[in-house]
Amino acid sequence: MAGLSFCGNNVTKNAYSVDTGMLNNGCFVDALNLVPHVFLLFITFPILFIGWGSQSSKVQIHHNTWLHFPGHNLRWILTFTLLFVHVCEIAEGIVSNKQMDTNHLHLFMPAFMGFIAATTSVVYYHNIETSNFPKLLLALFIYWVLAFITKSIKLWKFAEYGVGVLHLRFCITALLVVLYGLLMAVEINVIRVRRYVFFANPQKVKPPEDLQDLGVRFLQPFVNLLSKATYWWMNPLIIGAHKRPIELKKIGKLPIAMRALTNYLKLKDAYEDQRNAEDPEKAPSIWRSMYRAFGRPILLSSTFRYLADLLGFAGPLCIYGIVEHLNKKPVKEGSVPYFEVYFMSSNELLQNTSVLAVLLFLALVLQRTFLQASYYVTIETGINLRGALLAMIYNKILRLSTSNMSMGEMTLGQINNLVAIETNQLMWFLFLCPNLWAMPVQIVMGVILLYYLLGTSALIGASVIVLLAPVQYLIATKLADTQKSTLDQSTERLKKTTEILKGIKLLKLYAWENIFCDSVEDTRGKELTSLRTFALYTSMSIFMNAAIPIAAVLVTFVSHALINKSKPSSSEAFAALALFHILVTPLFLLSTVVRFAVKAMVSVQKLGEFLQSDEIGDDSWRNGDMSVSLEACKKHPGATKAINRKQPLLYQMDSYEQPTRRPLRPNETEDVAVKVNSGFFTWGSNLSTLSDINICIPTGQLTMIVGQVGCGKSSLLLAMLGEMQTLSGKVYWSNKNRYSVGYATQKSWLLNATVEDNITFGSPFNKQRYKTVIDACSLQPDVDLLPFGDQTEIGERGINLSGGQRQRICVARALYQNTNIVFLDDPFSALDIHLSDHLMQEGILKFLQDDKRTVVLVTHKLQYLIHADWIIAMKDGSVLREGTLKDIQTHDVELYEHWKTLMNRQDQELEKDTEIDNCQTALERKTLRRAFYSREAKNQVDDDEEEEEEEEEDDDNMSTTTSRRSKIPWRVCWQYLSSGGFLMVFLMVFSKLLKHSVMVAIDYWLAEWTAKGNLLVNGTAYVNGTANGDANGYAGLPDSYYVPVFIILCGAGIALCLITSLTVEFLGLSAATNLHHNLLNKIIHAPIRFFDVTPLGQILNRFSADTNIIDQHIPPTLESLTRSTLLCLSAIGVIAFVTPSFLIALIPLAVSFYFIQKYFRVASKDLQDLDDSTQLPLLCHFSETAEGLTTIRAFRHESRFKQKMLELTDTNNTAYLFLSAANRWLEVRTDYLGAVIVLTAAVASIWSSGKNLPSSMVGLGLTYALTVTNYLNWVVRNLADLEVQMAAVKKVNSFLSTESENYEGSMDTSQVPEDWPQHGEIKIQDLCVRYDPLLKPVLKHVNVYINPGQKVGICGRTGSGKSSLSLAFFNMVDVFNLDPERTCTDDRLWEALEIAQLKNMVKALTGGLDAVVTEGGENFSVGQRQLFCLARAFVRKSSILIMDEATASIDMATENVLQKVVMTAFADRTVVTIAHLVSSILEAEQVLVFSAGQLVECDSAVNLLAQQDSLFSVLVRTHK
């Protein structure tokens, strides 16, 4: 028992005597201090254990959060400080106790109980808070009061007996008194605010609005401080991701404070507040607005950052202390004057190595917590800023003047860049912002400490780092430039690849694959040259980062040896080494931060210009205000509107900037809908585009605007809509007309949405009305062809529709909207005559006129003028005539006659066109059908595969799916590495291992060097770990022996850094080269079926996004991953070598690390996918808004589009916030693990120090342990990134397994005779054709013999298999019985062009035959493009010509000439025409008629026509 007495067991001194008074016995005072702690534990434990079931709060909150009581954060901070002081008190007690003869439990036992009580208090408080039951806080209040009193008594007694500030125990007690006093004050404050005791009416509290909304899942702002710091609230999400993937539903909505609208209003207010009444033209500063709106969180983050940086220096200092004091007996500085116990000085405690180890651990934990908090706050602020900027840009886009867009001052590209690039630049700048002011402080502190440790030589070493920093900056800027040029090259390559893929059918028909393949390879070659430079600079950057610390250490220690003529001590050397590790990071980052700061300045400038650009005039006309004055169009300083913050924000956005209704004025006439009085309108320059416009649009009638191309018809509509700038004059709108106008533009504009959404356009769905509109626009047949009917996605990201189909959807939208006025701008331009007639009759005359809606129709089709109630004829930007058709007939006979002749001509063309147009629509629908026919087969295959996979999954249990999701894709990694070449892989692995071995060797040599000389351990002379006399060890070796070896090792290390960084980058480069080369070859030689089945976008994605990832992202990730992994492994190896006992502790650490990385990788991948998938709709929404501005404004749908933009922004921001919170979750955990590793390493080395362990080795072990904390999280994050990036390799590889075309039975080109085929006879025997082995045959058992030189026509209804036959000729589909061969080419260009009626046109081009054809042949009309294709066929003087739909887009006159030319130029050759217009094969010598894939008739055209009931004559009669 003697060993465990509370007051000590000293017989001479009676520790239990209270002769001089109770309170004068120190042991009694300490026992008194136990009372409050015991009281708290007794009261709270039952309450905590009984549970809170009965006392749940009245308001049901969906999380067990979080009605914070007043002073919540302060309480947590104070409690944590209290815990830390208790730890110091325990340490002081134990160390003092060791100085005494017997154990005095009272020195540390009360402190230990205080620690437990403080922990209990915070757990208890948390539970009271979540159950919202403040009455129970009374127990805590009593505890703080008691603890404050007992500690004050102790302090008073110390002061009475003269124990002062020099004694550590006095300082600790004083601190505790202050802390208990503050906690008592916090508790009183809660009583004051919540009034739960001593007051008659306690205050009722509701939880924050966010927590009542079950959709809010981002809880960081609402959880308690500990959960905030460790991201504990993320656990369910991250661990749950293992069982099922994280979806958008799971991450829910953002809290109100983080939503884009909230932040937009903050930023907008800050921006508008700067507008000056005296100088309205002066632009507000964006920087100042950003500071006013988001300055506070940045300051908070910077504070955290400073704290973290200062705590970071605790590492090197603790290492210094531990190594310095490891084998020394601490000097006694304390005294035993009072209460018969030992009082130690503060200095003495800091010489105790165990205390230092614990302090090091706590400092690390705190440092990492602060650092992650700083990161989190900046990221959250950055995301908030981006949301605000996006909303600001969007609001500006909606108000941009149309002239800006049309005059090219503001292009779509610029707007997209603002959204995608500039806002992100600013966000990133904000992320890195605190570094700007934290880094200089860190660097200065580091240099001061180095100087304190090593003197002048440290400054020389630090100067190496500083001098090389500009070089790093230079490399960083070079990298950015190279990236730009690489981007240009890859854009060029993509353009060529796109062309190939779009024209793949032709390439295959002409066997031109290799020619075009080489052209892409050329561009890729140039791109690879840029990539090589990029790789070089990247490896240089990595090399500098790795080599600078080695160089600095080398210079420092060598100069130290030369200047001081002595070696540094182990403690100095390793503290300096740790400091260099700390210093390198800010210097490396500084170049990045400076670069981002420069970019941010450019971005702000661009943004400022954009926000100052011209806006559209005042919208007063739509508010029913009859005067649109000239002044209204001038720029005016925008007044900020007051916003009612009480209303929920959702409704505000709608009412924000909404027009108001105005009462009728007596002088308004109701029979005029719109009236323009002497209007002069312009598109931005001061020259008027429209001059002297005086028109009336009668209400409820059909007005037509006609005139030549370019006479200002569309401009007139836009002028009425207020889109043009008014020079003078006024536009009046009658009051009855709603402020929205149904408007269909000339250039059709679709949303990325379903067909139904495009038509209803935000209006309520009315089935009857919808059906009428669809029928009026003849959209039903097109909708039926779409895979999901009218629920199919169309637009940029959806199905590609033809021009006519797009135009009809736009018209349908204008018809469906319930607006009084409808403007249709040339709705017939892309429609054939039948569709136009149908639309005119059903849509305009019937549907719109029945509703008595006012219709303004711009058209070139004069035959419809007879239907017009009012006509406006325009010429050269002014109105030529206005009136009814009768008026014009009587008053302007000349114009009427002119129209008449034009109408007659149109009528004649009409008869000819009927056939062509018919076929045009049929063709559009056929293209659609074909695409889906092939795609269905693909989906069928995919579905089968998926079903199989699902069945497999169902067999297994849950665990297999989770293990599947958390497995690292080793196979794909191996495929990637092997495509880089085995030599490079070997080089990389070998050089990496060698480099890290040398790095360890450098530090080991430093340990040996600083350790030379005698070590006294327990009085025995130790020479480098060997006992006694073996003094001929290293002891006598001079510095001259160590220095050269040190220099050689450092030199080797630097060289290896260069080699490793180069090998990784160039391994990546060679892998990228091979993968792209194989992909291109594989795809170009894939069977044509592959292109029908695989969407073009998907193939292009492999060549764009995936190739970019393989080219530029995988190599640095791979480098970083291997480096951080090897650093961690070498560190653990060194620690284990120094103190083998560390390996025991390593097992639990490794297990926890394994689980952390496993859970994180799965969740991170899901969140990354969510971030990517939510970004695209947001960017698309911006670009489609900018394209459809006039339509959105005419319909007055701005607020709906704003709402959608805010939703999309918030969704993307939610995903990004969760992703960054997941990163913090990981980093906090790996950092704490790192801290535990440092603690175990330190404790193990302190224990082992008695067993001949040189202190220099302890220094080595600890320095390495410190690096682990930095690199553990990088291992996991790089692993997660690599996993996401390897998906690109996997996708590319999936295409590499595509089977190539079947060339069986074909000959090599060289074996084909020059003049083959000689006669041009074609024999088809029992031919069966199918598009895919899984599909039914499209041609069944066809037998045909075609004589040489015969002219053959092939016809049949749509889908009968005509075109399939032509594909079979070229072996482009699965053929069972056919042996195809190849043809040769010859160059006779001009003759061919003449035959194709193109000679004159080509002659007129600049460059003649060498003139450039733009992408997709856009610089020629559809008809001309088709003629070019014909010419291309004529160039090949082969004896067989096959024409498929060759003349579908050519006018009748040219068609007739062509028919004749074909008959003459190809008189002696076999011509097979696949016709959609039966009239084009009436002269054919043989006609093949197909039906449902079978050949049903085969005879000459004349004979077949003679038979009345033949299918051919039916086709001719019905013009099908």
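The structure presented is a predicted model; accordingly, all values stated were derived computationally and were not measured. Along the sequence shown, residues carry numbers from 1.
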Next on the checklist: With a 3.5 Å distance limit and no angle check, can you tell me whether Glu1485 reaches the backbone of Lys1351 through a side-chain donor-acceptor pair?
Outcome noted: yes
Item to check | Flag side-chain contact, heavy atom, 4.5 Å: Leu779 against Ile809 | outcome: yes
Checklist entry - Checking Ser778 side chain against Leu835 main chain: does a donor-acceptor pair fall under 3.5 Å? => result no
Next on the checklist: Could you check whether any side-chain N or O of His838 sits under 3.5 Å from a backbone N or O of Asp775, counting only pairs where one atom can act as donor and the other as acceptor?
Outcome noted: yes
Next on the checklist: Evaluate Leu501 against Ile1083 for side-chain contact (heavy atoms from CB on, under 4.5 Å), listing each step before the verdict.
Outcome noted: CA-CA 9 Å; Leu501 293 175; Ile1083 289 214; 3.9 Å; yes
Checklist entry - Just how far is it from atom CD of Glu1497 to atom CD of Gln1507, taken to the nearest 0.5 Å? => result 6.5 Å
Checklist entry - For the side chain of Ser519 and the backbone of Ile515, is there at least one donor-acceptor N/O pair under 3.5 Å apart? => result no
Checklist outcome for this item: d(Arg524 CZ, Leu1080 CG) to nearest 0.5 Å is 9.5 Å
Checklist outcome for this item: Minimal heavy-atom distance between Ala1484 and Gly1353, with the atoms involved, is CB-N, 3.7 Å
Checklist entry - Just by distance, do the side chain of Arg808 and the backbone of Leu839 share a donor-acceptor pair under 3.5 Å? => result no
Checklist entry - Looking only at side chains, do Gln780 and Asp784 share a donor and an acceptor under 3.5 Å apart? => result yes
Item to check | side-chain contact (heavy atoms from CB on, under 4.5 Å) between His1085 and Asn514, intermediate numbers included | outcome: CA-CA 9 Å; His1085 293 111; Asn514 295 342; 3.3 Å; yes
Checklist entry - Measuring from Cys1355:SG to Leu1511:CG, what's the distance to the nearest 0.5 Å? => result 7.0 Å
Next on the checklist: Side chains of Phe828 and Met840, heavy atoms from C-beta outward: is any pair under 4.5 Å?
Outcome noted: yes
Checklist entry - Which atom pair, heavy atoms only, marks the closest approach of Val1342 to Leu1495? => result CG1-CD2, 4.1 Å
Item to check | Nearest-0.5 Å distance that lies between atom CZ in Arg493 and atom OG1 in Thr498 | outcome: 9.5 Å
Next on the checklist: Phe1295 vs Phe1090, test: ring pair (Phe, Tyr, Trp, His ring centres under 6.0 Å). Steps then yes/no.
Outcome noted: CA-CA 10 Å; Phe1295 272 15; Phe1090 171 78; 5.6 Å; yes
Next on the checklist: Quick check for you: to the nearest 0.5 Å, what is the distance between Leu1075 atom CG and Lys1082 atom NZ?
Outcome noted: 13.5 Å
Next on the checklist: Please give me the minimum heavy-atom distance between Ser1510 and Leu1504, naming the atom from each residue.
Outcome noted: OG-O, 2.8 Å
Next on the checklist: Using only atom types and a distance under 3.5 Å, with no angle test, would you say the side chain of Gln1486 pairs donor to acceptor with the backbone of Gln1350?
Outcome noted: no
Item to check | Approximate separation, where rounding is to 0.5 Å, of Ile504 CD1 and Glu513 CD | outcome: 6.5 Å
Checklist entry - When you look at NZ of Lys1340, are more than 12 heavy atoms from neighbouring residues, nucleotides or ligands closer to it than 6.0 Å? => result yes
Checklist entry - Can you name the nearest heavy-atom pair linking Glu492 to Thr523, along with the distance? => result CG-CG2, 3.6 Å
Checklist outcome for this item: Scanning both residues in full, the closest heavy-atom pair of Cys517 with Asn1081 reads SG-OD1, 3.3 Å
Next on the checklist: As a quick check of understanding, evaluate side-chain contact (heavy atoms from CB on, under 4.5 Å) for Leu494 and Leu1100, giving each step before the final call.
Outcome noted: CA-CA 8 Å; Leu494 259 180; Leu1100 274 176; 4.2 Å; yes
Next on the checklist: Could you check whether Asp522 pairs with Lys496 (Lys NZ or Arg NE/NH1/NH2 to Asp/Glu carboxylate O, under 4.0 Å)?
Outcome noted: no
Item to check | Heavy-atom closest contact (Phe1512 atom, Ala1501 atom, distance) | outcome: CE2-O, 3.9 Å
Item to check | Side chain Lys508, main chain Ile1084, donor-acceptor under 3.5 Å | outcome: yes
Next on the checklist: Please determine whether the number of non-hydrogen atoms from other residues, nucleotides or ligands lying under 6.0 Å from atom OH of Tyr1345 exceeds 12.
Outcome noted: yes
